[in-house]
Number of protein chains: 2
Amino acid sequence: MAATPDKQARQRSLQCALGKPAIACEDCGLYHLCLQDAQGRMEGRRIRPPHLETLHAPRGDFLVTAGAPFRYVYAVRTGAMEICLPHEDGPVDVLGFAFPGERLGMEALGLGYYPYAIRALEHTILCAFDLRSLAQGRSGSRRLYAALLRLMSEDFQRLQSSYIALRGLQVMARLSTILLDFAGRIGKVKDTSSQLNLPMTRTELANFLGMAPETLCRALQQLENDRIIRVHGRRIRILDHRRLERLVPRQP
Amino acid sequence: MAATPDKQARQRSLQCALGKPAIACEDCGLYHLCLQDAQGRMEGRRIRPPHLETLHAPRGDFLVTAGAPFRYVYAVRTGAMEICLPHEDGPVDVLGFAFPGERLGMEALGLGYYPYAIRALEHTILCAFDLRSLAQGRSGSRRLYAALLRLMSEDFQRLQSSYIALRGLQVMARLSTILLDFAGRIGKVKDTSSQLNLPMTRTELANFLGMAPETLCRALQQLENDRIIRVHGRRIRILDHRRLERLVPRQP
DNA sequence: CGCCCCTTTGACGCCGTTCAAATCATGTGG
DNA sequence: CCACATGATTTGAACGGCGTCAAAGGGGCG
């Protein structure tokens with residue numbers, strides 16, 4: 001079952017104490033939204049908007065399920081989430097991943113429900129922004145709506161880009177693309193962008209990339225044989241950034 | 001070069017005269033937007049919102065180019081458009097198609113620019129809604145913004161669905177999916193949903209489906225050999241709707 | 001410490017791409 | 001109105017990438 005923000009909200013002050021280097025508010029996908037909501041309210045270096053709560057999602061937990069009514073938009077602070085679509089007969093489609101600083105659930109605002117499930121790949125701390133309450137209240141300003149439209153467009157663009165980047169490409173090109181993508185996304189927070197700690201299984205990553213797990217394995221190994229990366233289980237180090245980029249075809 | 005709405009706006013009354021059965025306003029993807037804008041203004045059975053213009057795009061014309069600054073959202077009235085991403089070295093990625101009643105360009109609102117090009121597959125009549133002007137003016141009401149968010153979410157959902165529907169599937173499954181998809185989308189306007197007049201070349205359709213044109217050809221022929229469809233060039237008739245559906249795997 | 005799941009490796013076969021060429025449609029100019 | 005040019009569509013043959021099945025190693029958590 002999903003952890004309810006209400007229950008977790010009490011632990012708010014607690015989480016601030018138990019460190020782990022979370023990302024800064026300025027690097028978060030909800031930053032502009034929080035600014036609108038907080039109107040300058042701060043606690044230390046962290047914004048404190050009235051509609052924001054903190055919550056923990058244990059590994060494997062579903063943050064939202066497909067079709068659930070919309071209320072919150074989320075942002076990952078520590079950990080990693082998986083966006084997926086479970087089918088009744090067992091298998092799932094992996095649609096994407098979210099790393100620290102990244103936003104989740106935005107497009108549910110207009111639909112009124114989440115069109116996918118969101119699952120924690122590891123123990124993950126998130127911000128939950130009660131957008132439904134905010135939008136229903138009087139506070140719905142033009143600035144707020146402009147911000148929402150912008151955020152949604154950005155997410156749209158992101159989905160379309162990954163759609164373009166992966167379709168019709170050879171296995172090795174897809175893998176290179178995603179490795180560089182991950183490195184860039186992690187690198188926004190930790191500068192050690194050549195060191196990746198994949199939070200997902202090979203099967204999940206392969207599913208996302210649209211290939212068999214075995215194929216992913218062999219592709220990884222080939223990259224290792226070519227001294228482009230080093231693989232230790234889910235720990236991957238990019239040795240030759242340049243040559244990895246050369247495996248990615250045509251960037252518009 | 002793209003036809004400018006300004007130039008074409010003069011022809012507005014003209015187009016009403018030169019029939020061709022265009023779709024009704026109620027079936028158009030911009031209906032709710034126009035309602036907001038028109039506030040009940042009508043001419044005959046057609047809504048007449050102040051921010052709406054009519055324009056013609058000759059076959060092959062680019063309605064917008066990738067990266068162009070945002071101003072209009074469009075809706076197809078007659079004809080068909082292709083959403084694509086041209087690359088500098090020649091080839092293009094076909095991202096989708098738009099048939100009568102369907103909306104175009106919505107996600108550019110938040111970005112400020114169009115993240116793709118839109119090209120006319122045949123001579124196409126469109127509505128162009130000057131959303132930038134409307135959003136900049138005082139008239140930006142809560143209702144309007146709510147409508148915009150909803151439209152954008154719907155487009156997001158549509159993209160995600162096609163993304164899911166096509167990735168990782170066998171050629172025959174992808175083809176069946178798209179044939180039924182086209183039939184459904186055309187069928188919303190013309191009830192003869194078993195008769196398709198494809199406005200795009202085999203190469204374009206194959207590109208969209210992520211396969212070689214030759215492969216598309218062979219798949220079409222196999223469907224014809226199995227008496228599931230009949231093919232006359234770009235004219236396709238669906239003979240056995242039931243068996244075609246059976247070729248499409250798992251719908252969530 | 002031991003179980004279970006994840007990961008890796010190998011062999012095989014098929015589906016789809018690629019290249020080449022023939023046929024068909026389309027529209028253009030004489 | 002016809003002949004021709006141009007590009008789209010179709011067909012054929014051959015190669016190869018990747019999915020599938022099966023089984024052997026890990027690595028983490030109770």
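Computed from a predicted structure; not experimentally measured. Quick note on labels: first sequence line is chain A, next is B, and so on, each numbered from 1.
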What nucleotide, of dT17(C), dT8(C), dT11(D), holds the atom closest to the side chain of Met211(B)?
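Nucleotide nearest to Met211(B)'s side chain: dT17(C).
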Gln170(B) has a side chain; which of dT17(C), dC15(C), dT9(D) sits nearest to it?
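Comparing dT17(C), dC15(C), dT9(D) against the side chain of Gln170(B), the answer is dC15(C).
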Could you state the atom-to-atom distance from [atom1] of [X] to [atom2] of [N] in whole Å?
{"X": "Arg235(B)", "N": "dA8(D)", "atom1": "CZ", "atom2": "C1'", "result": "16 Å"}
{"X": "Glu122(A)", "N": "dC6(C)", "atom1": "CD", "atom2": "P", "result": "16 Å"}
{"X": "Leu175(B)", "N": "dC15(C)", "atom1": "CG", "atom2": "P", "result": "16 Å"}
{"X": "Met172(B)", "N": "dC14(C)", "atom1": "CE", "atom2": "C1'", "result": "15 Å"}
{"X": "Gln222(B)", "N": "dT11(D)", "atom1": "CD", "atom2": "P", "result": "13 Å"}
{"X": "Asn225(B)", "N": "dT11(D)", "atom1": "CG", "atom2": "C1'", "result": "13 Å"}
{"X": "Arg218(A)", "N": "dT20(D)", "atom1": "CZ", "atom2": "P", "result": "12 Å"}
{"X": "Leu216(A)", "N": "dT7(C)", "atom1": "CG", "atom2": "P", "result": "9 Å"}

Assert yes or no for the condition that the ring centre distance of Tyr114(A) to Phe70(A) is strictly below 6.0 Å.
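Yes; Phe70(A) has its ring centre under 6.0 Å from that of Tyr114(A).
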Is the Phe208(A) to Phe97(A) ring centre distance short of 6.0 Å?
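They qualify: ring centres under 6.0 Å apart.
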Reckon Thr201(B) touches a base, only the sugar-phosphate, or nothing at all at heavy-atom distances under 4.0 Å?
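The answer is sugar-phosphate, as Thr201(B) gets under 4.0 Å only of primed atoms, P, OP1 or OP2.
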Any base atoms under 4.0 Å from Arg234(A), or only sugar-phosphate, or nothing? Heavy atoms, all strands.
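If one applies the 4.0 Å heavy-atom cut-off, Arg234(A) turns out to touch the sugar-phosphate alone, with no base involved.
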Side chains of Arg202(A) and Asn207(A) only: does a donor on one sit below 3.5 Å from an acceptor on the other?
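There is no such pair between these side chains.
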Please check if any side-chain donor atom of Thr124(B) sits under 3.5 Å from a side-chain acceptor atom of Arg77(B), or the reverse.
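No.
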Which heavy-atom pair separates Leu121(B) from Pro199(B) by the least distance, and what is that distance?
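Nearest pair, atom of Leu121(B) first, then Pro199(B): CB-O, 3.7 Å.
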Looking only at heavy atoms, which two atoms of Val171(A) and Thr215(A) are closest? And how far apart?
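The pair with the smallest heavy-atom distance is CG2-CG2, 3.6 Å.
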Are there any protein N/O atoms within less than 3.5 Å of an N/O atom in nucleotides 20-28 of chain C, and if so, which ones and at what distance?
none

Quick one: does any side-chain atom of Thr201(A) pair with a main-chain N or O of Glu204(A) as donor and acceptor, under 3.5 Å?
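Checked: pair present.
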Would you kindly compare Gly233(A) and Thr215(B) by the position of their nearest DNA chain C nucleotide and give the one closer to the 5′ end?
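Between the two, 5'-proximity favours Gly233(A).
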When you measure from the side-chain N and O atoms of Arg202(B) to the phosphate of dT10(D), is any distance below 4.0 Å, counting only OP1 and OP2?
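For dT10(D), OP1 or OP2 has a side-chain N or O of Arg202(B) closer than 4.0 Å.
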